[in-house]
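What follows is a short report on a single structure.
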Amino acid sequence: MHEFFLPVIKSALRSTGIETDKQIIIEQPADKKFGDFSTNIALLTAKECKSNPRELAHQIIEHLVFPPDTIAQIEVAGPGFINFHFTSFFIMHSVRQILHEGNAYGKGSIGKGKRAIVEYVSANPTGPLTIGRGRGGVLGDCLANLFAAQGYEVTREYYFNDAGRQMQILGESVRLRYMERCGKEIVFPDTHYQGDYIRDIAENIYNQHGAVLAESSDVMTFKKSAEAIIFTSIKKTLERLSIRHDSYFNEHTLYTPDEAGISANQRVIDALKEKGFIAEYDGATWFLTTKLGQEKDKVLIKSSGEPSYRLPDIGYHISKFERDFAVMVNVFGADHIDEYPDVIEALKILDYDTSRIKIAINQFVTTTVDGQTLKMSTRKGNADLLDDLIDDVGADATRLFFIMRSKDSHLNFDVELAKKQSRENPVFYLQYAHARICSLLRMAMQETGFDPASSEDYSLLELLTSPSERQLGFALLNYPDMIKASVRLLEPQKMVEYLHSVAELFHRFYQECPIIKAEPDICKARLFLSLATRQILQNGFRILGVTAPESM
RNA sequence: GUGCCCGUAGCUCAAUGGAUAGAGCAUCAGCCUUCUAAGCUGAGGGUUACUGGUUCGAGUCCAGUCGGGCGCACCA
């Protein structure tokens, strides 16, 4: 819609003799009586024009020239806003576009010809996914969908490490449980993984190999088995939420030397050293972040000779630059908040364009059951498992609940609410609107023999003029702008709110306007409007990864 | 102590620096002989934690105070 107003307003400003570098802001007023769109340009420029805003607004209005039949009314209101009211003809005429474009409606071109990478989940295979990971997973998946909807070619990547110390402990944990299974006395340290799944894996190995492995102290077999089993289970859990990655990036590849015998990690060290940001002391190799104003330097290679996580993180991002992504989105939880500034700093020093990197941090999840808030910890094995939650409330509710709050706010996941098959549950409100439309279309087919999906008599839409029809149509046309806003803010929650308002407006329209019982042309027009609504809901649901039931 | 996030209706949360701060749930009052009542209409409910500042205008930006969450390793 900005595209509709911008040229007209710009040209009016020129004609009025206003020169300004202020950005022209066109917004939808919260209150409908202030029109469909409004601009505050007169308020912004009044000072530099040495005029009062209302007077200036009137002058601007004189020079506004819109295409015929689009604008019903323009007025100056309040301190100097210019408010625009569309004709219902223009709104309904525009709704045709939704029906013409179908699944492609709302697809933007901002990312056309560009590649984006969204990295999310990225849990090391040390245990089943927890609810906290789920939020990041769904957030990342929705962001990937949103970027794809803007025309980007999106790679969904999972970054993991199966070579670190945690994995060693995992292997050792499984070995101990296996020994226990073989009837040996064991001492199971607190530092090891306590979860029941460790016993399951041990049991699995025992069933395969019997007790023969008890003779060896080799951890490798246990680690490998555990990794394979856990990774498979992680993917299975993600699959239940329709989360699929295109690419798995193993951190360890950054440790292995290339043809020239140099590892990616080593190249990072060399490059930073050349820029004067590396020093060695206390037996370790340091990134001199004190030169950047930070309190402490950061370790890149520990005195043990192993890289700390920061070094491969930098290398990993360089790999993204080398793979030539125009946008790189990193999704992670609030507990990793301190992780990225150093990486960004290092990349800046190495002359990479870090403005391509977008960070989406999601705050924590607490679950409420019976009004009791539960806290969790992976290590202690008492974490809430994502699988259990999906068992409990289903995939749709899981996904929707994770993104129906802003990522910046703590999520209070009310398990009982999500389970309810009733009006209190917001998932059903959205899905019901879709099911209701499907049912309506089926019924219309039966009663009148008219199928809006196989007709192109779209101009009938222009017969619709009632407020509830107009408001619904207007809301549908906002879909492309909502996608843009969601991408810009990295916030799928915007889409949830938007779809909720679409559902609400449809229900009102349905309540107020008889459809099948209306006279034939109006009936057809209203069926077209319903079909367009269903299209928007479907397109939106696809981005959120929620199913669109045809009946409920 | 310090970095980041948060503080808005009884509860869970919205609100690209805009006009009378909005939804859902809960509460109360209405609407099904008519296309799905898992729906619709209406009512009540607020010192946007507090104090200053910036400007035509602040829930939003800035400074400070108070309160909550998450980090602050040669773990990832």
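Values reported hereafter were calculated over all heavy atoms of this structure, with side chains retained and with hydrogens, waters and symmetry mates removed.
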Per atom distances to the A:Y429 side chain, the nearest of B:U41, B:C74, B:C40 is B:C40
Ring centroid separation for A:F37 and A:F4, is it under 6.0 angstrom?
-> no
Any luck finding a side-chain donor-acceptor pair between A:S466 and A:E469 under 3.5 Å?
-> yes
Report the distance from atom NZ of A:K419 to atom P of B:A38, rounded to the nearest whole Å.
-> 22 Å
Rounded to the nearest 0.5 Å, what separation is found between the CE atom of A:M443 and the CG atom of A:L440?
-> 8.5 Å
Which dot-bracket string fits RNA chain B when only Watson-Crick or G-U wobble pairs with both atom distances under 3.5 Å count, crossing pairs get [ ], and | stands for a partner on a different strand?
-> (((((((..((((....[...)))).(((((.......))))).....(((((..]....))))))))))))....
For A:Q294, check side-chain hydrogen bond (donor to acceptor under 3.5 Å, both in side chains) against everything at least two apart and list the hits.
-> A:K298, A:D342
Decide whether A:Q166 and A:T126 meet the rule of one side-chain donor and one side-chain acceptor closer than 3.5 Å.
-> no
Give the nucleotide from the list B:G39, B:G71, B:U36 with an atom nearest to the side chain of A:D335.
-> B:G71
Where the side chain of A:D338 is defined as all heavy atoms beyond and including C-beta, which of B:G71, B:C40, B:C74 is the nearest nucleotide?
-> B:G71
Base, sugar-phosphate alone, or nothing: which one does A:S308 contact when heavy atoms must sit under 4.0 Å apart?
-> sugar-phosphate
Name the orientation class of the two ring planes belonging to A:Y158 and A:F231 (parallel below 30°, tilted from 30 to 60°, perpendicular beyond 60°).
-> tilted
Treat primed atoms plus P, OP1 and OP2 as sugar-phosphate and everything else as base, then score nucleotides 15-25 of chain B 5' to 3': B for base contact with protein heavy atoms under 4.0 Å, S for sugar-phosphate contact only, - for none.
-> SB-BBB--SSS
What integer number of Å spans the C1' atoms of B:U60 and B:G53?
-> 15 Å
Using the P atoms only, state how far B:A15 lies from B:C6, rounded to an integer number of Å.
-> 11 Å
How far, in whole Å, is B:C5 from B:C61 if one measures between their P atoms?
-> 10 Å
Taking NE2 from A:H410 and C1' from B:G67, how many angstroms apart are they, rounded to a whole number?
-> 13 Å
Return no unless some side-chain N or O of A:R436 is found under 4.0 Å from OP1 or OP2 of B:A38.
-> no
Nucleotide B:G39, atom C1' - distance to OH of A:Y510 in whole Å | 9 Å
For the pair made of CG in A:L490 and P in B:C5, what is the distance, rounded to whole Å?
-> 14 Å
Taking OP1 and OP2 of B:G7, is either one under 4.0 Å from a side-chain nitrogen or oxygen of A:S409?
-> no
Calculate the interatomic distance between A:I516 atom CD1 and B:U36 atom C1'; express it in whole Å.
-> 11 Å
Looking at A:F506 versus A:F509, is the centre-to-centre ring distance below 6.0 Å?
-> yes
Enumerate donor-acceptor pairs with a distance under 3.5 Å from any side-chain N or O in residues 474-498 of chain A to protein atoms, sequence neighbours excluded.
{"unit_1": "A:N478", "atom_1": "OD1", "unit_2": "A:Q28", "atom_2": "NE2", "d": "2.6"}
{"unit_1": "A:N478", "atom_1": "ND2", "unit_2": "A:Q28", "atom_2": "OE1", "d": "3.3"}
{"unit_1": "A:Y479", "atom_1": "OH", "unit_2": "A:N539", "atom_2": "O", "d": "3.4"}
{"unit_1": "A:K484", "atom_1": "NZ", "unit_2": "A:E3", "atom_2": "OE2", "d": "3.2"}
{"unit_1": "A:S486", "atom_1": "OG", "unit_2": "A:M482", "atom_2": "O", "d": "2.7"}
{"unit_1": "A:E491", "atom_1": "OE1", "unit_2": "A:K407", "atom_2": "N", "d": "3.4"}
{"unit_1": "A:E491", "atom_1": "OE2", "unit_2": "A:S406", "atom_2": "OG", "d": "3.3"}
{"unit_1": "A:E491", "atom_1": "OE2", "unit_2": "A:K407", "atom_2": "N", "d": "3.2"}
{"unit_1": "A:Y498", "atom_1": "OH", "unit_2": "A:A475", "atom_2": "O", "d": "2.6"}
{"unit_1": "A:Y498", "atom_1": "OH", "unit_2": "A:L476", "atom_2": "O", "d": "3.4"}
{"unit_1": "A:Y498", "atom_1": "OH", "unit_2": "A:Y479", "atom_2": "N", "d": "3.3"}

Residues passing the side chain to side chain contact (heavy atoms under 4.5 Å, CB included) test with A:S122, sequence neighbours excluded, are A:E119, A:Y159
Spacing of the C1' atoms in B:G7 and B:A21 (rounded, Å) = 16 Å
For nucleotides B:G45 and B:G10, find the distance between their C1' atoms and express it as a whole number of Å.
-> 9 Å
Close aromatic pair by centroid cut-off 6.0 Å: A:Y309 and A:Y316 | no
Could you tell me whether A:M443 contacts a base, only the sugar-phosphate backbone, or nothing, with contacts defined as non-hydrogen atoms closer than 4.0 Å?
-> sugar-phosphate
Expected label for B:C32 (glycosidic angle, syn inside 90° of 0, else anti) would be syn
Quick one: A:E295 CD to B:A73 C1', roughly how many Å, whole number?
-> 15 Å
Taking B:U36, B:C5, B:U12 as options, the one with an atom nearest any side-chain atom of A:N412 is B:U12
Scan A:A444 against the nucleic acid and name what it touches under 4.0 Å (heavy atoms): base, sugar-phosphate only, or nothing.
-> nothing
What is the distance from CD of A:Q363 to C1' of B:G71, rounded to the nearest Å?
-> 11 Å
Can you tell me, in whole Å, how much space there is between the C1' of B:A49 and that of B:A37?
-> 41 Å
Quantified in whole Å, what is the C1' atom distance between nucleotide B:G17 and nucleotide B:C62?
-> 13 Å
Where the side chain of A:H507 is defined as all heavy atoms beyond and including C-beta, which of B:C35, B:C40, B:C74 is the nearest nucleotide?
-> B:C40
Figure out the CD1/P separation between A:I169 and B:A76, and round it to whole Å.
-> 11 Å
A:P341 near the nucleic acid: base, sugar-phosphate alone, or nothing, with a heavy-atom cut-off under 4.0 Å?
-> nothing
A:L272 versus A:L300: any side-chain heavy-atom pair under 4.5 Å?
-> yes
Between A:L440 and A:S304, just flag the one whose closest nucleotide in RNA chain B comes earlier from the 5' side.
-> A:L440
Hey, which of these two, A:C438 or A:Y281, hits RNA chain B nearer its 5' end, going by closest nucleotide?
-> A:C438
Quick note, A:F428 side chain, CB onward, closest among B:A14, B:A38, B:G39 is B:A38
With sugar-phosphate meaning primed atoms plus P, OP1 and OP2, does A:E251 contact a base, only sugar-phosphate, or nothing at under 4.0 Å between heavy atoms?
-> sugar-phosphate
Nearest-Å distance once atom C1' is located in both B:U8 and B:G67 | 15 Å
Does the side chain of A:I359 come within less than 4.5 Å of A:F332's, by heavy atoms?
-> yes
Check every atom of B:G69, B:C13, B:G71 against the side chain of A:R405 and return the nucleotide holding the closest atom.
-> B:C13
Would you please name every residue forming a side chain to side chain contact (heavy atoms under 4.5 Å, CB included) with A:D297, sequence neighbours left out?
-> A:Y281, A:W286, A:L288, A:T289, A:T290
Mark yes or no for a side-chain to base donor-acceptor pair under 3.5 Å between A:Y309 and B:A76, with no hydrogen or angle criteria applied.
-> yes
For B:U36, does either OP1 or OP2 sit under 4.0 Å from a side-chain N or O belonging to A:S439?
-> yes
